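What you see below is based on every heavy atom in this structure, not just the backbone, and it leaves out hydrogens, waters and symmetry mates. This is a predicted model, so every value here is computed, not measured.
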Amino acid sequence: MLDSQTWVTPEQFARWKEQGYLVFPHMFAGDRLELIRAHFDDVLNGIYNLERRPILPFAGANRGNATRIVDNPHWADSVIATVASDKRIGKIAASLMNTRAVRLWAVQLLSKPPSHSNESVVGWHQDYDYWECASPPELVTAWLPLDDVGTTNGTLSVFEGSHLKGHKRLRAFMNTNLDPVEAADGIFEELAERELSLSAGQVSFHHCLTLHGSRPNNSEKPRRAISIHMMPDGTSYKSGTQCDKHPNVFLLGREDGSAFEGRHFPIIYSTDNDE
């Protein structure tokens, strides 16, 4: 188990800068992991133990056998909230983003149903395709699978070094074509795709410019995961982008240059409070 004293080593940081992703040992296991799974399933089925409801998914996200998505479930469930604010995750993110404090940007539950078709595919995209309203583009995602994941059940796939190509505005999350050459006009053709094999409770981190997606779930069970999206303290709103209608812009108040802060974007780790 990874404890709260773990920091990113210089060797890991060098790999992060080169690859745009890192995989860490187990952070959640045993009864704790079982509890998270139970509350994940509750939220997915509309059962909440907090008064605030999550944000409804964007149009088409939960169609047929597509990957089911719930946005900001930490508003609706206390157990998911503790995962989203886990200090160990925030501490790693602070090191990767080279910042003294980390704020929460958003949280998502993702349940990929068993399907032998491409309906559950998540297309190649950079997270920043949907976050251009946040500046600078230094956000990081922690991806926590609640089930063992690999090639058979649609694990996270990343392209090593793709974050170094800059922002390409693919916006292909809903595109089920996973030919990277066709989907990205050959931009990432020379890069290596990596399908991440993780045990339940491990956590991978990827940069907001890292090209990633996931293949169909060809197993007989759902593939469940939680994405925790984080940003450096001081990240601000940049108006005039295609993401002006992002829910976080409305939560902030839509004033250009304003920092994303306050109760909607809490600090989940700070070196000032590191014990």
Does a side chain donor of either Arg32 or Thr82 reach within less than 3.5 Å of an acceptor in the other side chain?
yes
So, Ser239 and Asp256: side-chain donor and acceptor under 3.5 Å apart, yes or no?
yes
Result of checking Tyr237, Tyr130, Trp105, Tyr128 against His246 for ring pair (Phe, Tyr, Trp, His ring centres under 6.0 Å):
Trp105
With a 4.0 Å cut-off on N to O distance, would you call Arg100 and Asp233 a salt bridge?
no
Ring centers of Trp143, His212 separated by less than 6.0 Å
no
Regarding Asp129 and His167, is there a side-chain donor-to-acceptor distance under 3.5 Å anywhere?
yes
Taking the hydrophobic residues Ile, Leu, Val, Met, Phe, Trp and Tyr, and joining any pair whose side-chain heavy atoms are under 4.5 Å apart, which ones share a cluster with Leu164?
none
Exam field: side chain His264 to backbone Leu104, donor-acceptor pair closer than 3.5 Å:
no
Distance (rounded to the nearest 0.5 Å) between Thr9 OG1 and Arg15 CZ:
6.5 Å
Closer than 3.5 angstrom, by distance alone: can the side chain of Lys112 be matched with the main-chain N or O of Arg215 as a donor-acceptor pair?
yes
Supply the atom-to-atom distance Arg88 CZ to Tyr269 OH, rounded to the nearest 0.5 angstrom.
14.0 Å
Residue pair Gln19 / Arg194, side-chain heavy-atom distance below 4.5 Å:
no
Residues passing the ring-ring contact (aromatic ring centres under 6.0 Å, His included) test with Phe205, sequence neighbours excluded, are Phe24
